[in-house]
Protein chains: 2
Amino acid sequence: MALTWTKLYHLRRLGRVNAKLLPRCIATYFTDVSQIDEEVAKLLALKAKIQDAQPQKFVLKNPKGTRDYNPKQMAIREGVFKTIINCFKRHGAETIDTPVFELKETLTGKYGEDSKLIYDLKDQGGEILSLRYDLTVPFARYLAMNKISNIKRYHIAKVYRRDNPAMTRGRYREFYQCDFDIAGQYDAMIPDAECIKIVYEILSGLKLGEFVIKVNHRRILDGMFEACGVPDDKFRTICSSVDKLDKTLWEEVRCEMIKEKGLDPETADKIGDFVKLRGGSELVEQLCEDEVLKKSKAAMEGLQDMKLLLKYCQIFNIEDKVSFDLSLARGLDYYTGVIYEAVLKGAELLPTKGGEQVGVGSVAGGGRYDGLVGMFDPKGKKVPCVGVSIGIERVFSIMEAKAADNKVRTTEIQILVASAQKNLLEERMKLCYELWEGNVKAEMSYKKNPKMLNQLQHAEDSGIPYVAIIGEQELKDGIVKIRNTLTREEKHIPRGSIVDEVRSICAEL
Amino acid sequence: MALTWTKLYHLRRLGRVNAKLLPRCIATYFTDVSQIDEEVAKLLALKAKIQDAQPQKFVLKNPKGTRDYNPKQMAIREGVFKTIINCFKRHGAETIDTPVFELKETLTGKYGEDSKLIYDLKDQGGEILSLRYDLTVPFARYLAMNKISNIKRYHIAKVYRRDNPAMTRGRYREFYQCDFDIAGQYDAMIPDAECIKIVYEILSGLKLGEFVIKVNHRRILDGMFEACGVPDDKFRTICSSVDKLDKTLWEEVRCEMIKEKGLDPETADKIGDFVKLRGGSELVEQLCEDEVLKKSKAAMEGLQDMKLLLKYCQIFNIEDKVSFDLSLARGLDYYTGVIYEAVLKGAELLPTKGGEQVGVGSVAGGGRYDGLVGMFDPKGKKVPCVGVSIGIERVFSIMEAKAADNKVRTTEIQILVASAQKNLLEERMKLCYELWEGNVKAEMSYKKNPKMLNQLQHAEDSGIPYVAIIGEQELKDGIVKIRNTLTREEKHIPRGSIVDEVRSICAEL
């Protein structure tokens, strides 16, 4: 390729080549994909060069469906994470991290209809990449790639969905997921019950109000469809109709099943009878004796799991918040066993727009997915997994709404170093130095001669509990005056004991 | 464009066109950017078509230039972050977060030649987005958007560069940045000195070995170029030559200046005399009297700043690690004042490939950028800023290399609940429940009847300090046997005091 388009274009732009004088022959063609990559890279470099040179009309905003976190929001976020991570660590979870993007093919075929919501990266020559859609698929890829057959891990990171954002309700295009998963071949329902226990501990710890953890089982759902007479090839689509029952009335769902999905009305009505049911161990017993369900081996096996799960929940003393709910379906393709979803009862806490009430507030969900890791393993080796994901953005929204009128401290400064007189900048720096050396959180004004009032005002505004005041006299006497921002009391401390003093008075707070 | 490369290539692939029969004339060229887009889109569609037609061999890997963090690496990472965040908090920094992507135009024109390394998202309808390239530009966008004129903040997050990764040396395409910045109109050099103090505290705290913090000033550099006779329009390009001096000998850089950049050899030699200089306050004094530099107002102003900066460094007791170095240039366009870079002296610590020694180990850098926020403000209102970025990936690489042979605990479990006999699963669950309720970090095997040896082995492998053992007898007696994993000592504790006991023995560790 003696003369490429790129070069031609460049020469043309420089005015060195007239269109008519352009060399007429470019006998060049591509023989493989790498040549396309090369040419694309050249064109894009050229484009960037041109664009950098052009004046741009600039819009000052962040991308649709995303938000910045300001210091107050970050302080709230840190508090929420602390509660959650403490819980994960109490249960012995390790943590891992994976890249924000994956090879596109890693995500292909994992999300069913939702695949259209995946963010792709531009092909800039090289690999074809997509932003991660959840943390479960990267986790499965990680296990298969590293041949890990058992691990208990948490992963807190952002995921990306090109969804229609409803930001007032805590729905974003970039949002945190907060996952806990247990991988390994273990005895039935033991890790599954611990996942529910973790949801219980976290929701209680965050003090979000009353909640219920709905549980169901893919095999009970499948068995129910089978027993009711749903044709095999309609299990999935009927399941996704059932999934709408948390937001839609049965009548509408029934209508969809019959009219859109071609289900026999009689079959739909049988399903209708089941999906109204919710309860505890007594419901499991009742269904075990159900004449219709008894016909399905899948249903009976699922019910055995459910029986065990509810027993373990009782041992963990959480059965009052757990509800076996036959209408819980959950959309994702990869679930194979127990599924669960935690819902806030006090959904009125969630800010709504124009009075539009959005069903209930789902704040956690998960389930068992025994087949996903095998999809990545070259030999299809399965690693059974069960996990839960905390819907942390909803939690942030609730916490932020609660904190809207409260002052939240955004720094941890213990003492502000101030002076009333001029020309004491270097003395303030020295005192700060001494405090920092003593691991005291301290700051000072960056002005040479700040006004006393402004310094005290800053301490008050930022909730800094103490102010260290130095002047000529204090320096001469080898003391520091310490002022309590709240009570305005002052006391004199020998310069040499300032670090110990600040530590001890801050410990009392 | 009657016949494009794309079409030609396609025909060629189909075997319909022989190379020799290829049409000889393609009089085509681009006239604007949209034509480039069009052509790129065609090429990529073609690529996708070719690739789709080929049987997909699934490759189990993560994207080039990225890595997963396993639990051990995460434990190391958490330790490093803790040291750094503690330091930021000691100095009163708040924290913010911004989205992983920005509108592409937000990044345009900020990175000079490096713009080609920006990752773009695919145009899927909607806004044109790019992954952030650093945290400084999003910070400036955030300040302008929210009209914030002073803040002291840190931000720890991943950034993305389509660079050639050198992962053994801690260079990735996805990597953490760890930034501390002070924005606001303050008196000269006060925040600038605190940034250097912070670098000093962090590098000391991480115990990475000997280091030096090089400092210089954009106005001293510019003044030096001016005084040496560099033409105005060559300041930037000559500056980027000087920037290479940390990795390249002066002779080579001189050659580049003269042959590639057309600088007068005499001018180059004058620069050569300056860029050899490094020192402290005495060097500032010497340069203030320099006959050549005296001609430049910029240089004299820069030297006044440097004098003040070094004095403040002395007050902060860090001047032994600070070196005023005239060869320090730093590439980014947006710096306007003081610039700095911290370098590890023990660069042999960095793992190298095939004996290839990569100069020195830069682990932090930053400077003053008074113009960047104004580029985002509709009225061009300036917010002066100074900041520093910790090159955390290099730090991770060093820490990981150091920890390679050591055991690093990846969970914080205090006690493993075990049993020697069969059928005690529910009893183990009950004891775990009691421990969790008491905020003790506890776990148990997920098997119904695990072997005692396996349970003890797990405690040893994972560094779990204690094992709580229950059997029929212990249950009858209302006690728990506690075994010290290290010493193998066992003692009996009444069931009711188990939580207090574990807390107190763990506090002793």
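For the numbers below, each heavy atom of this structure counts, side chains included, while hydrogens, waters and symmetry mates do not. Lettering of chains follows the sequences in order, A, B, ..., and the numbering in each one begins at 1.
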- Test salt bridge (charged side-chain N to carboxylate O under 4.0 Å, His left out) on B:Glu78 and A:Lys89 and set out the steps. CA-CA 13 Å; B:Glu78 277 183 21; A:Lys89 288 191 170 174; 3.5 Å; yes
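- Judged as a side-chain contact (heavy atoms from CB on, under 4.5 Å), and not counting sequence neighbours, the contacts of A:Lys311 are A:Leu308, B:Glu426.
- With a 4.5 angstrom heavy-atom cutoff, A:Ile464 does not touch chain B via any of its atoms.
- When every heavy atom of A:Pro71 is checked against every heavy atom of B:Ile151, the shortest pair comes out as CG-CD1, 4.2 Å.
- Using a distance-only test at 3.5 Å, with no hydrogens or angles considered, no donor-acceptor pair links the side chain of A:Glu412 to the main chain of B:Gly92.
- In this structure, B:Glu102 contributes its side chain and A:Pro63 its backbone to no donor-acceptor pair below 3.5 Å.
- If you take SG on B:Cys87 and NZ on A:Lys441, they are separated by 11.5 Å, rounding to the nearest 0.5 Å.
- Just one of A:Lys158, A:Arg67, A:Gln73 meets the side-chain hydrogen bond (donor to acceptor under 3.5 Å, both in side chains) condition when paired with B:Asp97; it is A:Lys158.
- In terms of modelled atom types and a separation under 3.5 Å, the side chain of B:Arg90 and the main chain of A:Ile413 share no donor-acceptor contact.
- The side-chain contact (heavy atoms from CB on, under 4.5 Å) search around A:Ser130 returns A:Lys104, A:Leu107, A:Ile118, A:Asp120, not counting sequence neighbours.
- Contacts with chain A were tallied for B:Lys61, B:Arg153, B:Glu201; B:Lys61 has the most, counting heavy-atom pairs under 4.5 Å.
- Ion pairing of A:Glu443 with B:Lys152 is present here, as a side-chain N (NZ or NE/NH1/NH2) and a carboxylate O approach within less than 4.0 Å.
- Looking at heavy atoms from C-beta onward, B:Leu425 lies in side-chain contact with A:Ile190 at the 4.5 angstrom threshold.
- A:Glu437 has a carboxylate O that lies under 4.0 Å from a charged side-chain N of B:Lys197, or vice versa, which qualifies the two as a salt bridge.
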- Message: Is there a side-chain hydrogen bond (donor to acceptor under 3.5 Å, both in side chains) between A:Asp187 and B:Tyr446? Walk through the geometry before answering.
- Response: CA-CA 6 Å; A:Asp187 283 310; B:Tyr446 293 125; over 6 Å; no
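- Checking side-chain atoms of A:Glu127 against main-chain N and O of B:Lys64 turns up a donor-acceptor pair under 3.5 Å.
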